Each structure stands twice: as C-alpha cells, then as structure tokens.
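To start, the structure itself, in structure tokens.
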Amino acid sequence: MARLLEEFGDLSEVNGDNPFKVRAYRNVAATLRELPTSVEEMVRSGAPLTDIKGVGKEIALKLVDMATTGRLRQLDELAEIVPLGLLELRRVKGVGPKLVQALWRERGVTSVAELEEALATGRLAGLAGVGAKKLEAIERALEAYHRHVGRTPLAEIGAIAEPFVARLRAVDGVERVEIAGSYRRRKDTIGDIDLLVVAKTEAAARAVTREFTTYPEVAEVLGSGETRSSARLANGVQVDLRVIEAEALGAALLYFTGSKAHNVALRQLALDKGLHLSEYGLFAEGGSDAAPATPGAAGERVAGRTEEEIYERLGLEWIPPELREDRGEIAAAARHELPRLVTMADVRGDLHVHSTWSDGKATVREMVDACVERGYEYLALTDHSKALAMTGGLDEAKLARQWAELDELMAGRDDITLLRGMEVDILKDGTLDLSDEWLERLDIVLVSVHSHFELSEAEQTARVVKAVSHPQVNVLAHPTGRVLGQRDPYALDLSAVFDACLANGVAVEHNASERLDLSDVDLIAARSRGLTISLGSDAHSVAQLAGMRYGVDQLRRAWVTPGAVLNARPLAELRRFLAKTA
DNA sequence: GCCGTTTTCGGCCCGACTGTTTTCAGTCG
C-alpha cells in the first residue's frame, strides 16, 4: 500500500498536480511503512483509518480499496495518462518535476533511454530554462544514474567516511568536523554522507573546502560555494560538506542529522512556541506588528551552539540521533521519558559465533580469545548443522568431537564462559536438523532458515512457527532472511512468528552482520510485544565480532533498553532463560 | 489531500546553489 501511494504521489507530481497533495500521499506512504499494525487488520477490526497520521477521508477510501482489491484504481487510471518512464527520469539528479513535464510535454521524452537519445541528437535545444550547462549537468547525472543506484550498508559507509573526516580534521584552522545525516542516526543503509565543518577563519574555511574538493577519492565535484560543496566519490557515494559558524553548530548538527520528519516536527514545535528553527539557530519571532522590524534579521537567536540548548529551549530533553525519526520521540522527550537505550557497554557476550568447525575462518580458540579481549563474560559457539553441507555443518558425531575439543580448550580457564550452541537449520517441513537427544544437551539452540526461500507466506510461516515451537529452541536467528543490498526478506507472517516465539520462551535474534535482520521497524514490533532480543554478530572471523556495534545501533533505533536484550543479562539470568525457567 | 486550544479556509519547513536570467525558477537536501 505504501508503495502504491508513493507511486501515485510520484505520478501526480510529474503530472503537475498540487504539490501539497503529492506530499500528502508521500507522508501517508512513509507512515504506513512504520505502522506496527497492518491496515488490513485495522479494516478487519473496524478501527478508523483516519486515526493514522495524515489519513483523511480520501486516502482512507483508497486504503480500504487497496485492502480489499490489492490495487489502487486511481493509480491505474493515472498511469494510463502519465508514462511510467517519467518516474525513472525523476531519479536522474537535476531532473525535477518541472523539467520532467517539459521533457514530456514539449519533447516527447518519457524515459531515461529517450532522454539520452534526445541529448545525443540535440533535440533538447531551445527548451525553456535549459542551457548548455544544464545539458552537461544532465549528461553527468545520467552517468551517475547508471553507476550508482540504491543505498550503501552502514558499515561500508563508515569505512569510507571516517578516513575522509580524519583528513579534513587535519587541515590548519579547522575546529570541528562532524558526520551528520542518516549515518549519525545509524540507519542500516546510507544514501550519502553529510559532513559539517567549523573553521576558525575564512581562510581555514576555504582551505577545508579545497581539501574536500581535491580529496583523491573524489571523482567529481558537483558544486562548490562558500558554505556548501558536494562531490561524488569514485564508488558513486555522494558527500556533502557544509561550513558552519561555531554559534550555529548545534542547529546545523540538528538540521543535517535529520530525519526530515523529525526536523519538520521540531520546526512546528518551535513555531507553536513563537520561535523559528533553522540550520542557523533557534530564533525569537521577529517583525511582528508590535515590535519594529530588525533589519536583516528575523529575530534574536536564543539557541544554536549546541543541540542540547536547542532541545532544552523547546522544552525537550536531548534526543539521541538514533531516535530522530518522528516515531514519538519528541512527545517522549517532552515528558522526559526517553528510554535508557542499550549501549555496547551493556553487551556481556556474543550469542552467535562460527568457527572452523563449519564455515568460520578462525578456530574456536581464536574466537574465544578475541571475545575475552572484547571484554565479554560469555560467548555461544554456534556452528552450522549438517543440512548446510557447503559450510561443513555438524552432525551428531562431529558435534561430539567438537565438544571434546571445547572441553580441552576450556579446561581450567575462567576468563570467559563458553556456551555449547549450534545454529540448527530449519528444514523445509519445519523440523530441525539435529536429533532431540542432542538438542537437549546443547546449552543454547539457535534455529534459522537457509533454504527454500521461495515458499509461500503460509508455508514459510507454518514452517518457522513449527520450528520455534520445539521445546529445545532458544533463539530464532535472522528471522526474515534479508541481506542488505543483496536479498529481500522471504514471505513470512512475522506477527504469527513473534506470537509463537513469545508463547514458547524463544528470543528473536538481531543479526549484527551484513544482514541487520531484524530491521529497526521489525525490532520495534518485537520489543512492543515484550519479546526478548538476542544479539549475535554471526561472526565468521575475528574481525566480524566487531560488527556487534552496528547491531546495537539498530536496537537503539528501535528504542530497545538493556532489559530486553538477552545477552545484556548476567550469565545466571541468561541460563535461566535458556532453561525456560525464567 | 490533510488539518485545526487562534483557523472548516488557507496554510502546508526552509535555505543554498546553479543556471538562466537580469530578478527568478528549479532542484536539492
């Protein structure tokens, strides 16, 4: 439904409809993506759809329509008039709704391919507002369009952004360099990198801009001015640099960290209080009838140097960036009831670790030593079961041999506790890939799906529900099967699966690998049901143990407190959960 | 199209950069 509404908004926009109407559709689409309950459920239970933020009479009708027919009639009708290729055109940087309309109505261009052809044959000459430079810009944008589509996983962005920032910090006269944007909010994937710089002098500001535009990884400078520059790196990621006054750093950090929805809500809150919030600060209302207008200023700046003072002036406690998604954090901050979010320091151990016994790159000893080094109190060794033949998965006999090694390795060792675990495959019929007798002897049993992703939702759900209903199972690992940028989640009724986990004392995993599965939205649903969340790095090497921090980030985005995290608990408490006596 | 402890009509977040103009429109974030 969100996708259909979004498409309807996009088509309306290139059709030239009222931009506020377009926004209304997009807002509802965004809200639906975050909605913990499904619209179908609301329709079934008779809950008023206008309770959903941004949904009025018209969109409510469309929701009901979509819930029953699976289609949006108005979208089909609009698609008859407006060529779908125009949506693709909009994704070329620099091509906005107006240009799309001009291209379509005045030149008959309705797709990226046709735009390229029109460029090559000089058919765009004479288009109002389009000169030689604009044509060049479109050509460059088309190259980028083909090279880079989509978002980059958080961990990859970190590897790119951090050395870049270090280089800018080294420029003489640079006071601060901060990464804002979705990277600071720790979103699972990142579209571009936003950098904020405070320079002591104008000369230093020019120097840092020069350093930015000449950075070796920069493939193309998209634009550069006194306060703002943009560049695209060789790998296609866009980086934006803003030079900020120290007095406005907090305001800029706030503004450029977003999210957009959070900012919009904050601005509205400011307006309600007779204030005006921009990236330059929080200002008192200026130019009213009573007060003489101050030349060149909207009013006195009442806050701006730090985020804390701006939030405080708005009557809010400081909101951690991970929460800034307009998911209720502003209301909670106003009540001073923001949750105490889980941190890396709360994590006492790793509950999903592989070794050379299956497809890991490091030995058990290396993994155990690395976990000691990380300060963990315990870890669970969870190699694959025999169904995953390509990983060298373990059958009962091999498991017995592994345990002999573990006994030897851990004898007399009291620096860490090693839990005997396994990541047991959920077979196609929902049975488990290890005998009951051996399941019972394990300290911790993870179960997960690694095959038959193509089953129908009903079959997949029944399969997973059956698996987690087995009395020996403790954790459902990577529940949705997604791999960022590579594989979409399989069809699954996550609500039904969560219910089964709750009923059976099974925790759901957040897999802190390139999966980041469950997603933040799924984690919110899990947390609000009272499920226990197990954090596992799914490390197949020592280096991958460090991925845990990205998992903690996602938990924080989902408002998860330490109490809900299985491996934030002391060993004795963890054991009680695993014994299902908790 | 949505929304309302000022409003059922008139708003809807706001500023920088670019290019094409010569005071502004389009686009982006």
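Treat the numbers as computed from the prediction; the structure is a model and nothing was measured.
- Nucleotides B:dC13 and B:dG29 have their C1' atoms positioned 12 Å apart, rounded to a whole Å.
- Counted within 6.0 Å of CD on A:Gln74, heavy atoms from surrounding residues, nucleotides or ligands total more than 12; the atom is thus considered enclosed.
- In this structure, the nucleotide among B:dC14, B:dG19, B:dC28 sitting nearest to the side chain of A:Lys134 is B:dG19.
- Judged by distance alone, the side chain of A:Glu317 and the main-chain N or O of A:Glu337 form a donor-acceptor pair under 3.5 Å.
- There is no side-chain donor-acceptor pair under 3.5 Å between A:His262 and A:Glu325.
- Comparing B:dG1, B:dC13, B:dG15 against the side chain of A:Gln268 picks out B:dC13 as the nearest.
- No side-chain donor-acceptor contact under 3.5 Å links A:Arg71 to the backbone of A:Met66.
- Among the heavy atoms of the strands, none lies under 4.0 Å from A:Val28.
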inquiry  = Show, in sequence, the C-alpha distance, side-chain angles and deciding distance for A:Tyr280 and A:Tyr255, and conclude whether the ring-ring contact (aromatic ring centres under 6.0 Å, His included) test is met.
reply    = CA-CA 9 Å; A:Tyr280 298 108; A:Tyr255 181 82; 8.7 Å; no
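- A donor and an acceptor atom sit less than 3.5 Å apart, one in the side chain of A:Tyr255 and one in the base of B:dG29.
- As rounded to the nearest Å, B:dG10 and B:dA16 have P atoms that lie 31 Å from one another.
- Comparing the C1' positions of B:dG1 and B:dT5 gives an interatomic distance of 24 Å, to the nearest angstrom.
- Taking 4.0 angstrom as the limit, A:Thr227 places a side-chain polar atom (N or O) nearer than this to OP1 or OP2 of B:dC17.
- Regarding contacts with the backbone of B:dC13, a side-chain N or O of A:Arg23 is found under 4.0 angstrom from either OP1 or OP2.
- When distances are taken from the side chain of A:Lys93 to each of B:dG15, B:dC2, B:dG29, the shortest belongs to B:dG29.
- Using C1' as the reference atom, B:dG26 and B:dT20 are 11 Å apart when rounded to the nearest Å.
- In this structure, B:dT8 makes no Watson-Crick or G-U wobble pair, since no nucleotide meets both defining distances under 3.5 angstrom.
- Regarding contacts with the backbone of B:dC13, every side-chain N or O of A:His262 stays at 4.0 angstrom or more from both OP1 and OP2.
- Evaluation of atom-type donor-acceptor distances gives a pair under 3.5 Å for the side chain of A:Asn18 against the base of B:dG1.
- On the C1' atoms, B:dG11 is 13 Å away from B:dT6, given to the nearest whole Å.
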